[in-house]
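Below: one structure, written as structure tokens.
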Amino acid sequence: MRILGILLLISGIDYFVSFLPANPLGSMAFAIGAIVLGAWGVVGLMPDKYVFIFRLVIGGMFVYASIDKIVHPDQFAKIIYYYKMMPGDLINFFALILPLVELITGVFLIAGFWEKSAGLLITALLLIFLVALTSAYVRGIDISCGCFSTTTKVKGEVLSYIFRDIVLIVTMGMILFARESFMSLGGRSARNA
Amino acid sequence: MIKRALIIIILAVILAGLNNLVNPNKIDWVGYWPNVTDSDTTWFSPSYEEGDPPTLLLQQALDRYIDGSYVFLDAREPIEYQEGHIKGAINLSYDYFDEQWDSVKTLIPKDTTIVTYCSGSECEASLYLARLLVEDYGFTHVEIFFGGWRLWDKHKLPIEGHYGSGDEE
């Protein structure tokens, strides 16, 4: 918990510094959330049952991230194309499906409905993003992330994206392995977990 | 857990289908995404000098074409342009610049990035046109695609014109 707190704290500050000009709303939300939760974790005051806050934060991020992509599948498809990782015939399919998966899993995670399944999918997505970002970084491709917005004009530091992604994966691990499920709409697996 | 994850994905496919029916920005389920990763070398016209506008590889030119916010200027003669050109490109022949400029300039916003090209690596019109736009007309974002018409056409990328085979119109 403490380690995660430190990670969150650093990533909150890092994110705030690197993305404020590009995406004020998203970066403020993520930075404040990460810093507050991070500080709480560092002090060691956060009990396990408050893991639901992470659910709200990550779920909220996924819902927020999905909206622009759902509205602009044409732009999102271009961003996927620029990553140069996916066979051309699958690009549009992914551009259409992926944002909806983000939206549904985000909502489910917030509501605590089928949260382990939604959490599993979100973790899988984060791992895919990690591979894509790392590969783009290694190949030195100049990409726009396509994380929260479909504009191709905003380019950030790929390393920061990778770091943020890792923090989210660690957090998801905590959610998936949490013993208590608090503030959850239920579903059998959640209650029995 | 896995079963529910699959149900979520199926739900996403259904909703994506619905979204793609009503969304004004809808796209085909299988799109046109050309791949030109093979054999592309950096070409320079013999007159290219340090400080000239930057040059583009075929893949970079293609990325800009797909982006859609760049203006492609065909620096060849009008008759060559009519024969066949990169889809969406505007003809601004270096040799006929004065005749064509007045009508072309209305089509180029000042802050757009311009990509110039001519027939291929050995032609210089794209370079001269790029220099002219930067030095005399105050454009700051100009790039040169030295691969030009020949390389574009060789890879069967989207073109327009009277030219027969490979015409994707």
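Letters A, B, ... mirror the listed sequences (proteins, then strands); counts begin at 1.
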Exercise. Using non-hydrogen atoms only, which part of A/F94 is less than 4.5 Å away from chain B: side chain, backbone, both, or neither?
Worked result: neither
For this session: Hey, can you tell me if B/W152 and B/F145 have their rings parallel, tilted or perpendicular (30° and 60° cut-offs)?
Result: perpendicular
Seminar exercise, completed: Whatever's closer than 4.5 Å to a heavy atom in chain A on B/N19 counts as side chain
For this session: Go through the atoms of B/I14 and report whether side chain, backbone, both or neither lie under 4.5 Å from a heavy atom of chain A.
Result: neither
Problem set entry | Other residues, nucleotides, ligands: >12 heavy atoms within 6.0 Å of B/K3 NZ | no
Exercise. Regarding B/S69 and B/D67, is there a side-chain donor-to-acceptor distance under 3.5 Å anywhere?
Worked result: yes
Problem set entry | B/W33 versus A/N92, side-chain donor and acceptor atoms under 3.5 Å | yes
Exercise. Which pair of heavy atoms, one from B/A125 and one from B/C118, lies closest together, and at what distance?
Worked result: N-SG, 3.8 Å
Seminar exercise, completed: Checked A/V101, A/T105, A/V71 vs chain B; the most non-hydrogen pairs under 4.5 Å come from A/V71
Exercise. Where on A/A118 is there a heavy atom nearer than 4.5 Å to chain B: the side chain, the backbone, both, or neither?
Worked result: both
Problem set entry | Closest-packed option against chain A by number of heavy-atom pairs under 4.5 Å, given B/L15, B/D63, B/V30, B/N23 | B/D63
Exercise. Tell me, side chain or backbone of A/L96 under 4.5 Å from chain B's heavy atoms, or both, or neither?
Worked result: both
Exercise. Who among B/N25, B/L11, B/N20, B/V13 has the most heavy-atom pairs with chain A under 4.5 Å?
Worked result: B/N25
Exercise. Does NZ or CZ of A/K78 come closer than 6.0 Å to the centre of the six-membered ring of A/F76, within 45° of the ring's axis?
Worked result: no
Exercise. Checking heavy atoms, do the side chain of A/L121, its backbone, both or neither come under 4.5 Å from chain B?
Worked result: side chain
For this session: Please look at A/I97 and chain B and tell me whether the side chain, the backbone, both or neither of the residue comes under 4.5 angstrom of a heavy atom of that chain.
Result: both
Exercise. Parallel, tilted or perpendicular: which fits the ring planes of B/W101 and B/F139, with parallel below 30° and perpendicular above 60°?
Worked result: perpendicular
For this session: Report the relative orientation of the aromatic rings in B/Y137 and B/F97; use parallel for angles under 30°, tilted for 30 to 60°, perpendicular for over 60°.
Result: tilted
Seminar exercise, completed: With chain A, the option among B/I9, B/I2, B/D28, B/L6 that has the most non-hydrogen atom pairs under 4.5 Å is B/D28
For this session: Side chain from CB out, backbone as N, CA, C, O: work out which of these in B/I7 comes under 4.5 Å of a heavy atom of chain A, or both, or neither.
Result: side chain
